[in-house]
Amino acid sequence: AGGAFSVLYGIGTTVLSDTSQPARWYGLKIASEAGLGAVLMLTLPGIVVARWGFEGLMAAMAGVVVLLAPLLLSLPGRGLNEGVSTATGPPPAMPGALRLGLWLGLLGVFAYLFCTTMIWAFIERVANDAGFDPVTTGNILSLGLLLAITGSLAAMVAGERFGLAAPLMLSIALLVVSLFLLGDVGSVAAYGVAACLFTFSFGLGIPYTVSVVAALDVDGRYVVLTVPAIGLGVMLAPAIGGVLSAQGGHGALLTAAGISVVAALALALTALRLGLRRARAYRDEAGTGVTEPIV
């Protein structure tokens with residue numbers, strides 16, 4: 001299942017990188033993923049599990065996959081960058097600075113997901129250690145998930161109207177503020193503000209971190225590497241966060257997350273500075289009439 005999901009996720013990520021507004025469609029993609037998950041979480045337990053149990057849940061999930069699978073037939077047969085690079089001969093050599101920018105962008109994706117996953121994995125423990133009511137905490141985090149979807153929808157609406165750097169900087173600034181607020185939650189209201197600000201900011205930021213790589217990926221080979229970059233960040237963050245929390249408390253956890261997300265911003269901005277102009281020049285040199293995005 002993990003292998004199949006990785007293939008589908010990689011194809012989807014590559015397809016969206018070929019659009020004229022990757023940030024907009026990544027925002028819609030992330031919001032739709034979370035939205036469908038929320039709908040299933042709300043409906044399946046009461047409608048399916050209560051009547052048919054675990055077997056019914058598995059059958060319903062398989063049914064959702066089968067129902068959505070025909071949409072795969074509408075995918076294009078090839079990628080836009082693949083078409084450009086093979087149109088009339090070998091493509092020009094990729095500049096070293098552009099290649100370096102791509103790897104820095106991928107490291108930025110890893111660092112951003114490392115930070116956000118680390119905090120999300122332990123944000124409930126912050127409330128528990130503060131003595132807040134578990135039901136209230138659950139309601140706050142549910143609202144936070146809705147705000148994460150809102151953040152991704154905000155990225156969809158904004159697209160690249162303000163570029164990539166400015167929205168990413170805004171996302172990370174809000175995220176850092178939320179980390180400071182989580183460091184001193186004296187009331188349920190303060191915790192709610194911090195948690196919701198955090199979820200909104202990472203919902204906004206993830207589409208733009210991936211879009212940095214998409215903007216520099218001139219031959220269609222690198223954007224798919226955002227999938228393992230995300231996966232590594234998601235896998236490593238809880239384990240390292242657990243060690244930090246055990247040894248230094250929530251302060252060490254929040255500090256590490258703050259350093260990670262600031263590093264993600266530095267990596268993304270450096271990647272754009274190194275590669276964006278070179279990527280445009282490369283596409284102009286390699287382009288042979290392919291001027292419209294496939295998707």
Side-chain angles (χ1 to χ4, degrees), residues 1-19 21-79 109 113 116-117 120-121 123-124 135 138-157 159 195-196 199-200 202-211 214 223-235 237-238 294-295:
F5 176 77
S6 297
V7 171
L8 291 173
Y9 202 93
I11 292 172
T13 299
T14 305
V15 167
L16 296 184
S17 74
D18 281 349
T19 63
Q21 290 278 332
R24 172 171 295 173
W25 297 109
Y26 284 135
L28 179 60
K29 169 183 177 291
I30 293 169
S32 63
E33 289 169 352
L36 177 60
V39 169
L40 294 178
M41 286 182 66
L42 288 173
T43 57
L44 292 182
I47 297 176
V48 177
V49 177
R51 185 171 180 179
W52 291 288
F54 180 76
E55 292 80 5
L57 175 65
M58 293 298 99
M61 295 292 286
V64 171
V65 173
V66 171
L67 183 65
L68 296 177
L71 295 175
L72 296 172
L73 298 175
S74 64
L75 287 174
R78 59 176 176 82
V109 173
L113 268 295
T116 54
T117 305
W120 181 250
I123 198 168
E124 183 272 336
V135 175
N139 290 335
I140 290 173
L141 295 180
S142 297
L143 176 61
L145 286 176
L146 291 177
L147 286 173
I149 297 173
T150 303
S152 295
L153 290 176
M156 183 199 74
V157 172
C196 290
T199 53
F200 175 83
F202 82 67
L204 173 65
I206 291 175
Y208 287 103
T209 58
V210 178
S211 294
V223 73
V224 73
L225 294 179
T226 60
V227 179
I230 290 171
L232 287 171
V234 169
M235 286 190 294
I294 288 177
V295 182

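Positions are given from 1, in the same order as the sequence printed here. In this text the structure is predicted, and so the values were computed from the model without any measurement. Computed over heavy atoms, backbone and side chain alike; hydrogens, waters and symmetry mates excluded.
What you find for Gly10 and Val224 is that their closest heavy atoms are CA-CG2, 3.8 Å. Summarising the geometry of Tyr208 relative to Gly159, their closest heavy-atom pair is OH-O, 2.6 Å, with the distance given to 0.1 Å. Looking at every heavy atom in both residues, Val109 comes nearest to Ala229 through CG1-CB, 4.1 Å. Shortest non-hydrogen contact noted between Ala155 and Gly27 is CB-CA, 4.3 Å.
Ile30 CD1 to Trp25 CH2: the interatomic distance, rounded to the nearest 0.5 Å, is 14.0 Å. Here the CD atom belonging to Glu33 is positioned 10.5 Å from the CD1 atom belonging to Ile149, to the nearest 0.5 angstrom. Atoms OG1 and CG, on Thr199 and Leu141 in that order, are 8.5 Å from each other to the nearest 0.5 Å. Taking CG of Leu16 as the reference point, atom CD of Gln21 lies at 12.5 Å (rounded to 0.5 Å). Atom OH of Tyr26 and atom OG1 of Thr19 lie 7.0 Å apart (nearest 0.5 Å). In this structure, the separation between CD1 on Ile206 and OG1 on Thr226 is 11.5 Å, given to the nearest 0.5 Å.
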Query raised in the report: Could you walk me through whether Val48 and Thr43 pass the side-chain contact (heavy atoms from CB on, under 4.5 Å) check?
Result: CA-CA 8 Å; Val48 177; Thr43 57; over 6 Å; no
Query raised in the report: Going through the distances and angles, do Met61 and Leu44 end up as a side-chain contact (heavy atoms from CB on, under 4.5 Å)?
Result: CA-CA 9 Å; Met61 295 292 286; Leu44 292 182; 3.6 Å; yes
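Between Trp120 and Leu145 the shortest side-chain heavy-atom distance falls below 4.5 Å. Between Phe54 and Val49 there is no side-chain heavy-atom pair separated by less than 4.5 Å. Looking at heavy atoms from C-beta onward, Leu143 lies out of side-chain contact with Ile140 at the 4.5 angstrom threshold. With a 4.5 Å cut-off on side-chain heavy atoms, Val157 and Leu153 do not count as touching. At a threshold of 4.5 Å between non-hydrogen side-chain atoms, the residues Thr117 and Pro238 count as touching. Looking at heavy atoms from C-beta onward, Arg24 lies out of side-chain contact with Leu28 at the 4.5 angstrom threshold.
Atom CE of Met58 is surrounded by more than 12 heavy atoms from other residues, nucleotides or ligands within 6.0 Å.
Side chain of Ser211 to backbone of Ala23: a donor-acceptor contact under 3.5 angstrom is found.
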